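Here the structure is a predicted model, which means the values were calculated and not measured. Naming convention: chains lettered A, B, ... in sequence-line order (proteins, then strands); numbering from 1 in each chain. Just so you know, these numbers use all the heavy atoms, side chains as well, and skip hydrogens, waters and symmetry mates.
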2 protein chains.
Amino acid sequence: MLSHKAKYALKALLYLAEQDENHISRTIEIAEGANIPKKFLEQILLDLKRGRFVSSKQGKFGGYYLIRSKNDITLAEVHRLFDGAIALLPCASLNFYEPCSDCKTEEECSLRHGLMIIRDETLKAMQGITIASLVKK
Amino acid sequence: MLSHKAKYALKALLYLAEQDENHISRTIEIAEGANIPKKFLEQILLDLKRGRFVSSKQGKFGGYYLIRSKNDITLAEVHRLFDGAIALLPCASLNFYEPCSDCKTEEECSLRHGLMIIRDETLKAMQGITIASLVKK
DNA sequence: CTAATTCCTAGTAAATCTATAGAATTTACA
DNA sequence: TGTAAATTCTATAGATTTACTAGGAATTAG
């Protein structure tokens, strides 16, 4: 399941994607428009900025705006930024790989192979859902 | 990601699936065989029993055994028993549906449609992985 | 200079997760 | 009928994570 943070991030991106080109959105505007707690959203927008999904203008009349095409941002990327691995266990993850601590030494995790198959399918599906595809809906 | 509980449950089912027909496995045997904390495993086996994946024989020489075909038990079912919904949000879930609390009233969640597509693909993949397919690996 | 905004660092309450403890119950069998 | 070996049940503890909130520093426009 998605964390609230990831869900809010998606909704914030959706909000930004719906605005006119060149429009800069203040945090409070996004918070009210997308129904997200404002102080929590502040953190999320900073995370989105660090993840290079959005950029900001500071000071008076500042705010946030998308710096990537909404056709290009996939659910997989947002998931990875906020909720980490898409695979069901670290040992089956592409981007967050860690060996299982509880697997017998030197032996491969008995679940790994199956979980990699699931990861591949889930990833493919998540890469198919973009911010643009959600806006259009 | 899977919880430890779900991971241990899968490993326990795998262990049981590898035993001879009619063999009854004690908790301690499964715990050592699959490298799972014994007391934690006790709870997990009771959950698996309540979920009708296994049954038990009490008392001396008691233990646990599968009551469903290993070809029939899918990762999707185990996930649902221990970790709940497969969908990324409750509003996109088949078995654990709940409306989004933060979506504007009467309006549908903007994420729901995309998340249902992902759920369908993930579910299909998870239904394709059985205990038997993991054992064979 | 001031108002409005982003940016940064903490902190906190509640929930959840990962177990562990201890005792009650059930059963096989000598 | 007593005992050992097992499941079953209830409670709880500690750690971690989640979902925020607080407060102020830094930045910018006019």
**OP:** Begin from the C-alpha positions of B/Glu77 and B/Arg80 and carry the test salt bridge (Lys or Arg N to Asp or Glu O under 4.0 Å) through to its verdict.
**Re:** CA-CA 5 Å; B/Glu77 289 179 274; B/Arg80 282 177 172 146; over 6 Å; no
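Mapped onto DNA chain D by nearest heavy atom, A/Lys57 and B/Glu42 fall at different nucleotides, with B/Glu42 at the one closer to the 5' end. The residue among A/Lys38 and B/Ile28 whose nearest nucleotide of DNA chain D lies closer to the 5′ end is B/Ile28. A residue-by-residue look at A/Gly62 and B/Phe40 shows that A/Gly62 has its nearest nucleotide of DNA chain C further toward the 5' end.
Between A/Lys5 and A/Asp47 a salt bridge is recorded (basic side-chain N to carboxylate O distance below 4.0 Å).
A distance of 12.0 Å separates CD of A/Gln43 from NZ of A/Lys38, quoted to the nearest 0.5 Å. Distance OH/B/Tyr65 to NZ/B/Lys49: 8.5 Å, rounded to 0.5 Å. For the atom pair A/Ser3 OG and A/Tyr8 OH, the distance stands at 10.0 Å (nearest 0.5 Å). Rounding to the nearest 0.5 Å gives a distance of 10.0 Å between CD1 of A/Ile73 and CG of A/Leu10. A distance of 10.5 Å separates CD1 in A/Ile44 from NZ in A/Lys7, rounded to the nearest 0.5 Å.
Within the 4.0 angstrom heavy-atom criterion, only backbone atoms of the sugar-phosphate kind lie near A/Phe61; the bases stay farther away. Nucleic acid contact class of A/Gly59 (heavy atoms, under 4.0 Å, all strands): base.
Here the C1' atom of nucleotide D/dA6 and the OH atom of B/Tyr64 are 9 Å apart, to the nearest Å. Between A/Tyr8 atom OH and D/dC20 atom C1' there is a gap of 9 Å when expressed in whole angstrom units. Across the protein-nucleic acid pair, A/Leu41 atom CG and D/dT21 atom C1' stand 14 Å apart, rounded to whole Å. As rounded to whole Å, 6 Å separates atom P of D/dC20 from atom NE2 of A/His4. Regarding B/Glu29, its CD atom lies at a distance of 10 Å from the P atom of D/dA6, rounded to whole Å. For B/Ile44 and D/dC9, the CD1 to P distance is 16 Å, given to the nearest whole Å. Atom pair B/Glu32:CD and D/dA6:P shows a separation of 11 Å (rounding to whole Å applied). In this structure, A/Gln43 places its CD atom 13 Å from P of D/dA22, rounding to the nearest Å.
With contacts defined as side-chain heavy-atom distances shorter than 4.5 Å, the pair A/His113/B/Leu134 does not qualify.
Here the side chain of B/Ser133 pairs no donor or acceptor atom with the backbone of B/Ile129 at under 3.5 angstrom.
One axis for each end of the helix from C/dC1-D/dG30 to C/dA30-D/dT1, each built from five base pairs, and the angle between them comes to 10° at 10° resolution.
First and last contacting nucleotides of DNA chain C toward chain A (any atom under 4.0 angstrom from a heavy atom, 5' to 3' order): C/dA3 to C/dA10.
Close to D/dA6, at under 4.0 Å from its OP1 or OP2, lies no side-chain N or O of B/Ser56. Listed pair A/Lys5 / D/dC20 fails the phosphate criterion, with no side-chain N or O lying under 4.0 Å from OP1 or OP2. OP1 or OP2 of D/dA4 has not a single side-chain nitrogen or oxygen of B/Arg26 nearer than 4.0 Å.
Side-chain contact annotation: B/Glu18 with B/His23, donor-acceptor N/O pair under 3.5 Å absent.
Closest to the A/Lys39 side chain, of the nucleotides D/dA5, D/dG23, D/dC9, is D/dG23.
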